[in-house]
Number of protein chains: 2
Amino acid sequence: MKNEQEIKEFGLEVRRRRIALGLSQEQFAEISGLHRTYVSGIERGDRNPTIDIIFQISRALRCPPGALLSGE
Amino acid sequence: MKNEQEIKEFGLEVRRRRIALGLSQEQFAEISGLHRTYVSGIERGDRNPTIDIIFQISRALRCPPGALLSGE
DNA sequence: ATGTGACTCCTAGTCCGTA
DNA sequence: TTACGGACTAGGAGTCACA
């Protein structure tokens with residue numbers, strides 16, 4: 001994988017926003033329709049999600065998808 | 001795939017920006033390090049690229065990755 | 001409540017062509 | 001110059017048991 005650092009930052013941003021909403025990974029998994037362990041993997045930067053998944057996540061976080069990819 | 005419409009908009013945005021840079025798909029493929037047929041598939045919304053690829057594309061387009069996912 | 005390794009199934013992504 | 005098809009390999013989607 002070529003952009004590990006940016007993928008990790010994406011995961012951390014997801015985590016920040018999830019926590020800001022007062023949700024556990026399990027609660028967020030349910031809302032987003034993803035598996036609990038998959039959410040965990042994303043937040044840790046272990047997964048390389050597709051754009052489809054990114055849209056799902058941004059919807060569950062109630063934020064624009066672009067806001068999660070803050071790199072320049 | 002759940003977010004076909006948003007994925008198509010992503011592809012169109014990539015196409016707009018590529019053309020704005022005066023590049024052919026082949027030239028852009030070379031710059032971005034992606035395959036020519038894959039670039040074509042992305043612009044047409046046929047593909048569901050990973051976040052890794054999105055970063056690669058945004059770098060080649062010299063724009064922030066978030067700018068390509070303009071959905072709300 | 002979360003991290004992790006392992007697993008299956010399916011697709012992301014490459015490469016060859018032709019129109 | 002681009003769309004699209006077929007075939008292929010690497011790796012993502014989705015899940016589980018366990019720590």
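Below, chains carry the letters A, B, ... as their sequence lines are ordered, and counting in each starts from 1.
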**Request:** Take the C1' atoms of the five end pairs on each side of the helix from C:dT2-D:dA19 to C:dA19-D:dT2, derive the two axes, and give their angle rounded to 10 degrees.
**Result:** 40°

**Prompt:** Do any N or O atoms from the side chain of A:Asn48 and from the backbone of B:Asp52 form a donor-acceptor pair under 3.5 angstrom?
**Reply:** yes

**Message:** If we ignore hydrogens and angles and just use 3.5 Å, is the side chain of A:Arg18 paired with the main-chain N or O of A:Leu23 as donor and acceptor?
**Reply:** yes

**Prompt:** Among residues 8-29 of chain B, which residues get a heavy atom nearer than 4.0 Å to DNA chain D?
**Reply:** B:Arg15, B:Arg18, B:Ser24, B:Gln25, B:Glu26

**Message:** Near DNA chain D, counting only heavy atoms under 4.0 Å, which residues of residues 36-46 of chain B show up?
**Reply:** B:Arg36, B:Thr37, B:Ser40, B:Arg44

Atom [atom1] of [X] and atom [atom2] of [Y]: how far apart are they, to the nearest 0.5 Å?
| X | Y | atom1 | atom2 | result |
| --- | --- | --- | --- | --- |
| B:Ile51 | A:Phe10 | CD1 | CZ | 4.5 Å |
| A:Arg16 | A:Glu9 | CZ | CD | 8.0 Å |
| A:Ile54 | B:Leu69 | CD1 | CG | 6.5 Å |
| A:Ser58 | A:Leu68 | OG | CG | 6.0 Å |

**Message:** Taking salt bridge (charged side-chain N to carboxylate O under 4.0 Å, His left out) as the definition, give me every residue that meets it alongside A:Arg17, ordered by chain and number, with sequence neighbours left out.
**Reply:** A:Glu13

**Request:** May I ask you to verify whether the side chain of A:Arg47 and the base of D:dG14 hold a donor-acceptor pair under 3.5 Å?
**Result:** yes

Could you state the atom-to-atom distance from [atom1] of [X] to [atom2] of [N] in whole Å?
| X | N | atom1 | atom2 | answer |
| --- | --- | --- | --- | --- |
| A:Ile53 | D:dT15 | CD1 | P | 10 Å |
| B:Ile54 | D:dG12 | CD1 | P | 13 Å |
| A:Asp52 | D:dA13 | CG | P | 9 Å |
| A:Ile51 | D:dG12 | CD1 | P | 16 Å |

**Request:** Write down the atom of A:Ile7, the atom of B:Phe55, and the distance for their closest heavy-atom approach.
**Result:** N-CE1, 4.0 Å

**Linked, directly or transitively: B:Leu12 and B:Leu21 (ILVMFWY side chains, under 4.5 Å)** = no

**Message:** Would a single hydrophobic cluster contain both B:Ile57 and B:Ile19, if residues Ile, Leu, Val, Met, Phe, Trp and Tyr are joined by side-chain heavy-atom contacts under 4.5 Å?
**Reply:** no

Please list, one pair per line, the donor and acceptor atoms closer than 3.5 Å that link side chains of residues 31-42 of chain A to other protein atoms, with sequence neighbours excluded.
unit_1: A:Ser32; atom_1: OG; unit_2: A:Phe28; atom_2: O; d: 2.9
unit_1: A:Ser32; atom_1: OG; unit_2: A:Ala29; atom_2: O; d: 3.3
unit_1: A:Ser32; atom_1: OG; unit_2: A:Leu34; atom_2: N; d: 3.4
unit_1: A:Ser40; atom_1: OG; unit_2: A:Arg44; atom_2: NE; d: 3.2
unit_1: A:Ser40; atom_1: OG; unit_2: A:Arg44; atom_2: NH2; d: 3.2

**Message:** Could you tell me the boundaries of the chain B footprint on DNA chain C, defined by atoms under 4.0 Å from its heavy atoms?
**Reply:** C:dA12 to C:dG17

**Message:** Please check if the number of heavy atoms outside B:Glu30 that lie under 6.0 Å from its CD is greater than 12.
**Reply:** no

**Message:** Apply side-chain contact (heavy atoms from CB on, under 4.5 Å) to residues B:Arg59 and A:Asn3 and explain how you reach the verdict.
**Reply:** CA-CA 11 Å; B:Arg59 201 166 296 132; A:Asn3 301 291; 2.9 Å; yes

